[in-house]
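Heads up, the thing below is written out as structure tokens.
Both counts, for ligands and for their atoms, begin at 1 and track the order of listing. Sequential numbering from 1 along the given sequence is applied to the chain's residues. No hydrogens, no waters, no symmetry mates; every other heavy atom, side chains included, goes into these values. The structure displayed is predicted, hence computed values, not measured ones.
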Amino acid sequence: VIVVLIVIVIIAVVLGLTLRQNKMVLFQHFFICCFCIFRCTTDCQKVWDAFEQAYVNKDPCKVAVEAYDPLIVAAPFKPQCNRMIFWSKTKDVVHGFTEKRDCFVTLEDTLLGSVLDGLTWCGKEGSKGTFTTGCPGWSKCKNNPVLSFWRRISAAFADVACGNVTAMLSGSIDTPFNSTSIFASIEVVRFQASRIKSLNVVMVLQSNCTDSSLNNLRQSLDTGITYSCKDVHESRIQECGAKPEIACGACW
Ligand code: C8R
């Protein structure tokens, strides 16, 4: 029994060290596999190469938003009119709902968003590697590979928004429409009246459609896009998530 235990411990240690060394390779394989499963027709290696060139061999505090331009070309976003939902500080509520009902599409339901949601990555000057630990935190620098990625793909997602667009905002924070958020500073400013009919705000967590920050949202909108805001109680969102017989348009 002791010998078997020792062998198991040795195997575990060796395996652990190998996995650690190969973490970057695993990251690449995970990424490529996810892409292939998500969309069989995508040339996954091409997408990976476009992704990697954004941050590999670079100072992880000097990755510009534009570094991901080739990635957007390699994996472009498709417009999904009347179904696109944006959010700010309400990620869990939005996804709690979209996981249950097929009414709306978030950025995390797209190819790039789904594969990279929740992950951290960076490169290093003088290295060909992708690192998943030791990457700079957001407080250290703004031009880091992860934040630049979200900023770039949020812009690309907003660029293709069309029809009636929904945004879920939080009424429980001081400024539901915060000018420093990605939603305010990157997405809303790209909404074009030629493509978008209306922006319908769904205010959750607390009623707050009367908050003054929403005046800034109305003012930021391209002329021609109509605006509406509805305070929606969490119980209604849960009810709608649980009852497929309620039509998407009747949820709120
Ligand atoms: N969007 C932005 N950031 C996203 C994201 C996403 O879809 N998905 C993740 N995981 N993140 P916030 P915000 C990460 O402050 O700034 C799009 C990023 O690390 O609550 O207004 C989406 O389309 C990012 O820094 O909201 C949505 O409409 C934080 O979460 C807005 O932008 C941002 O979370 C949300 O961005």
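Interface atoms of ligand 1 facing Phe183, defined by a heavy-atom separation under 4.0 Å, are 13 (P), 21 (O), 36 (O). Each of the following atoms of ligand 1 lies closer than 4.0 Å to a heavy atom of Ser88: 13 (P), 20 (O), 21 (O), 26 (O). For ligand 1, the atoms lying closer than 4.0 Å to a non-hydrogen atom of Asp117 are 9 (C), 10 (N). Distances below 4.0 Å separate heavy atoms of Ser181 from the following atoms of ligand 1: 16 (O), 21 (O).
Atom 1 (N) of ligand 1 has as its closest protein heavy atom Ser154 OG, 3.5 Å. Distance from atom 19 (O) of ligand 1 to its nearest protein heavy atom, with residue and atom name: Trp138 CH2, 2.4 Å. The single protein non-hydrogen atom nearest to atom 27 (C) of ligand 1 is Trp87 O, 3.0 Å, given as residue, atom name and distance.
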Apply salt bridge (charged side-chain N to carboxylate O under 4.0 Å, His left out) to residues Arg190 and Asp222 and explain how you reach the verdict. CA-CA 8 Å; Arg190 298 179 96 97; Asp222 197 5; over 6 Å; no

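Contact annotation for Leu147 and ligand 1: only side-chain heavy atoms (C-beta onward) come within less than 4.0 Å of the ligand.
Distances from atom 14 (C) of ligand 1 to the heavy atoms of Phe86, Trp150, Phe149, Phe157 show the closest one on Trp150. The heavy atom nearest to atom 28 (O) of ligand 1, out of those in Lys91, Lys89, Glu187, is found in Glu187.
Cys251-Cys240 SG separation is under 2.5 Å; the pair is scored as a disulfide.
Side-chain contact, Asp109 with Thr106: a donor N or O sits under 3.5 Å from an acceptor N or O. With no hydrogens or angles considered, a side-chain donor-acceptor pair links Asn200 and Ser228 at under 3.5 Å. Side-chain polar atoms of Asp49 and Gln45 form a donor-acceptor pair below 3.5 angstrom. For the residue pair Tyr55 and Thr130, a side-chain donor N or O sits within less than 3.5 Å of a side-chain acceptor on the partner.
Taking the ring centroids of Trp252 and Phe97, they lie under the 6.0 Å cut-off.
Distance remark: protein heavy atom present below 4.0 angstrom from atom 35 (C) of ligand 1.
Considering both main-chain and side-chain atoms, Glu108 comes within under 3.5 Å of ligand 1 through a nitrogen or oxygen pair. Inclusion of Ile182 in the set of residues having an N or O under 3.5 Å from an N or O of ligand 1 is warranted.
Salt-bridge formation is not detected for the pair Arg195/Asp159: no Lys NZ or Arg NE/NH1/NH2 atom is positioned less than 4.0 Å from an Asp or Glu carboxylate oxygen.
Considering only heavy atoms from C-beta on, Phe86 stays 4.5 Å or farther from Val188 through its side chain.
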